[in-house]
Amino acid sequence: MMEKDAKIYVAGHRGMVGSAIVRELQRQGYSNIITRTHSELDLTDQRAVEEFFRMEKPEYVFLAAAKVGGIVANSTAPADFMWQNMTLEMNVIHSAWKNGVKKLEFLGSSCIYPRLAPQPMPESCLLTSSLEQTNEAYALAKISGLKYCEYLNRQYGTDYISVMPTNLYGPNDNYHPEHSHVLPALIRRFHEAKVNGAESVTCWGDGSPLREFLYVDDLASLCVFLMNNYSGNETVNAGTGKELSIRRLTELVAETVGFEGKIEWDTSKPNGTPRKLLDVSKATGLGWTYKTELPEGIRLAYEDFLSHIEKGDIRLR
């Protein structure tokens, strides 16, 4: 168990996942949380990361920093996704090991699993067949991070664990019109359509892929829970165990936003992986379960999106 006054470093604290972990730690009474912005510490700079760990000596690390994006971003900049993610992961994990960090938790993504993995996807299906091509570079970087944790455990007896979340959404999400994930992208697209009085919104693919979505604060509760209650080389899946079609998701977002126009589909665009449902029996077996159902989570996410507009962080087209 982490002591309430233990020195805890959350890498990526301004991102959606990192900020949720900070909120959960604070909610549970942890009082010695260390953070650094990108301008204060570039995690791709090996010397800077080594110096940070040498000076600060954190006892626990949540590695939530990452370069993330949707299908467009991953497809157009695979080299950037691989280099940035692999470099920052290796720098942080290696420096944690060199400086005697008691425990580290690595945050990955369900895209590490094969494109045609058995459904729901158990942790054991990792590296059993080929990956989805549209985000292969990102997946390979994440696989490298979790494997490095595993190898350090085996070779040096460290206590480094990894968590693989399903599709996430919630406060501090990325609402960029081209580089965001599907749910925040839909929130922005339908809101702009409503504001501009558009008669229709066109979505990618045919709407048939099945996806699972987890509210980010629920993930944060699992992350802290696992840091206190789990050790092992095998990763732990984080999800709801429930799925819906992208078509149904678009309908839910349109209803939440209040867009009443027509939803059209551009079948010339890729669908991505046909189905991505995680087997979450390991997490539930440990005693954790999610709390936020999707309709309520979308409502909260839309409120977050509107708050960013009010603050001037998002400018509509």
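The chain is numbered in sequence order, starting from 1. What you see is a predicted model; the values in this text were computed from it and never measured.
When all heavy atoms of Ile161 and Leu226 are compared, the closest pair comes out as CD1-O, 3.8 Å. Taking each heavy atom of Gly207 and Ser245 in turn, the nearest pair found is O-CB, 3.6 Å.
Glu260 contributes no side-chain N or O that, together with a main-chain N or O of Gly258, makes up a donor-acceptor pair within less than 3.5 Å. No donor-acceptor pair under 3.5 Å is formed between the side chain of Thr292 and the backbone N or O of Tyr215. Counting only distance, with no hydrogens or angles, the side chain of Asn271 and the backbone of Asp206 share a donor-acceptor pair below 3.5 Å.
The shortest distance between side-chain heavy atoms of Ile112 and Met164 falls below 4.5 Å. For the pair Lys4/Gln28, a side-chain contact is recorded, criterion being any heavy-atom separation below 4.5 Å from C-beta on. Put simply, the side chain of His13 does not reach to within 4.5 Å of the side chain of Ile33, judged on heavy atoms. Leu249 is listed as a side-chain neighbour of Leu294, based on a closest heavy-atom distance under 4.5 Å. Side-chain contact between Val280 and Tyr290 is absent, with no heavy atoms from C-beta onward closer than 4.5 Å. In this structure, the side chains of Arg211 and Leu183 stay at 4.5 Å or more apart for every pair of heavy atoms. Here the side chains of Phe106 and Glu89 are in contact, with some heavy-atom distance below 4.5 Å. Inter-residue side-chain proximity for Pro171 and Val216 is flagged as met; some heavy-atom pair is nearer than 4.5 Å.
Under the 4.5 Å side-chain heavy-atom criterion for grouping Ile, Leu, Val, Met, Phe, Trp and Tyr, Leu214 is not connected to Met121 through any hydrophobic cluster. Using a 4.5 Å cut-off between side-chain heavy atoms of Ile, Leu, Val, Met, Phe, Trp and Tyr, with links allowed through other members, Val61 and Val49 fall into the same hydrophobic cluster. Under the 4.5 Å side-chain heavy-atom criterion for grouping Ile, Leu, Val, Met, Phe, Trp and Tyr, Leu168 is not connected to Ile187 through any hydrophobic cluster. Under the 4.5 Å side-chain heavy-atom criterion for ILVMFWY residues, no single connected hydrophobic cluster contains both Tyr156 and Tyr60.
The line from CG of Asn237 to OG of Ser162 is 9.5 Å long, rounded to the nearest 0.5 Å. Rounding to the nearest 0.5 Å places CG of Leu210 at 15.5 Å from NZ of Lys242. Considering CE of Met86 and CD1 of Ile143, their distance stands at 9.0 Å, rounded to 0.5 Å. The OH atom of Tyr151 lies 10.0 Å from the CG atom of Asn233; values are rounded to the nearest 0.5 Å. Here OG1 of Thr235 is found 10.0 Å from NZ of Lys147. Values are rounded to the nearest 0.5 Å. In this structure, the separation between CG on Asn229 and CH2 on Trp288 is 13.5 Å, given to the nearest 0.5 Å.
With sequence neighbours left out, the ring pair (Phe, Tyr, Trp, His ring centres under 6.0 Å) criterion links Phe53 to Tyr9. Looking at residues two or more places apart in sequence or on another chain, you find a side chain to side chain donor-acceptor pair (under 3.5 Å) between Ser281 and Asp279.
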If you apply the rule salt bridge (charged side-chain N to carboxylate O under 4.0 Å, His left out), what do you find for Lys276 with Glu132, and how did you get there? CA-CA 11 Å; Lys276 283 177 65 177; Glu132 163 62 34; over 6 Å; no
For Asp159 and Lys103: C-alpha separation, side-chain torsions, deciding distance, then whether salt bridge (charged side-chain N to carboxylate O under 4.0 Å, His left out) applies. CA-CA 5 Å; Asp159 188 7; Lys103 192 165 188 175; 3.7 Å; yes
Please evaluate residues Leu316 and Asn196 with respect to the criterion side chain to side chain contact (heavy atoms under 4.5 Å, CB included), reporting the C-alpha separation (whole Å), side-chain torsions for both, the decisive distance (0.1 Å), and the verdict. CA-CA 10 Å; Leu316 302 180; Asn196 295 328; over 6 Å; no
Check the pair Glu255 / Arg248 against salt bridge (charged side-chain N to carboxylate O under 4.0 Å, His left out), numbers first and verdict last. CA-CA 11 Å; Glu255 291 168 10; Arg248 178 57 186 147; 3.5 Å; yes
Would you check, one step at a time, whether the test salt bridge (charged side-chain N to carboxylate O under 4.0 Å, His left out) holds for Glu251 with Arg247? CA-CA 7 Å; Glu251 293 169 352; Arg247 183 178 294 272; 5.7 Å; no
Hey, mind stepping through Thr256 and Phe190 against side chain to side chain contact (heavy atoms under 4.5 Å, CB included) and telling me if it holds? CA-CA 9 Å; Thr256 302; Phe190 282 117; over 6 Å; no
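Looking only at atom types and distance, the side chain of Asp266 has no donor-acceptor partner in the side chain of Thr202 under 3.5 Å away. Between the side chains of Asn172 and Asp304, not a single donor N or O lies within less than 3.5 Å of an accepting N or O.
The environment of CD in Glu264 is crowded: more than 12 heavy-atom neighbours from other residues, nucleotides or ligands sit within 6.0 Å.
The cationic atom of Lys194 (NZ for Lys, CZ for Arg) does not lie both less than 6.0 Å from the six-membered ring centre of Phe259 and within 45° of the ring axis.
Note on Arg54 versus Glu50: no salt bridge recorded, every NZ/NE/NH1/NH2 to OD/OE distance being 4.0 Å or above. Residues Glu51 and Arg47 are not paired through a salt bridge, judged by the lack of any N-O separation under 4.0 Å between the basic side chain and the carboxylate.
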Please output the side-chain donor-acceptor pairs of residues 92-99 that fall under 3.5 Å, not counting sequence neighbours, one pair per line with the distance.
from	atom 1	to	atom 2	distance (Å)
His94	ND1	Tyr148	OH	2.8
Ser95	OG	Asn91	O	3.0
Asn99	OD1	Lys57	NZ	3.0
Asn99	ND2	Ser95	O	2.8

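Note: Tyr138 and Phe81 have perpendicular aromatic rings, judged against thresholds of 30 and 60 degrees for the angle between ring planes.
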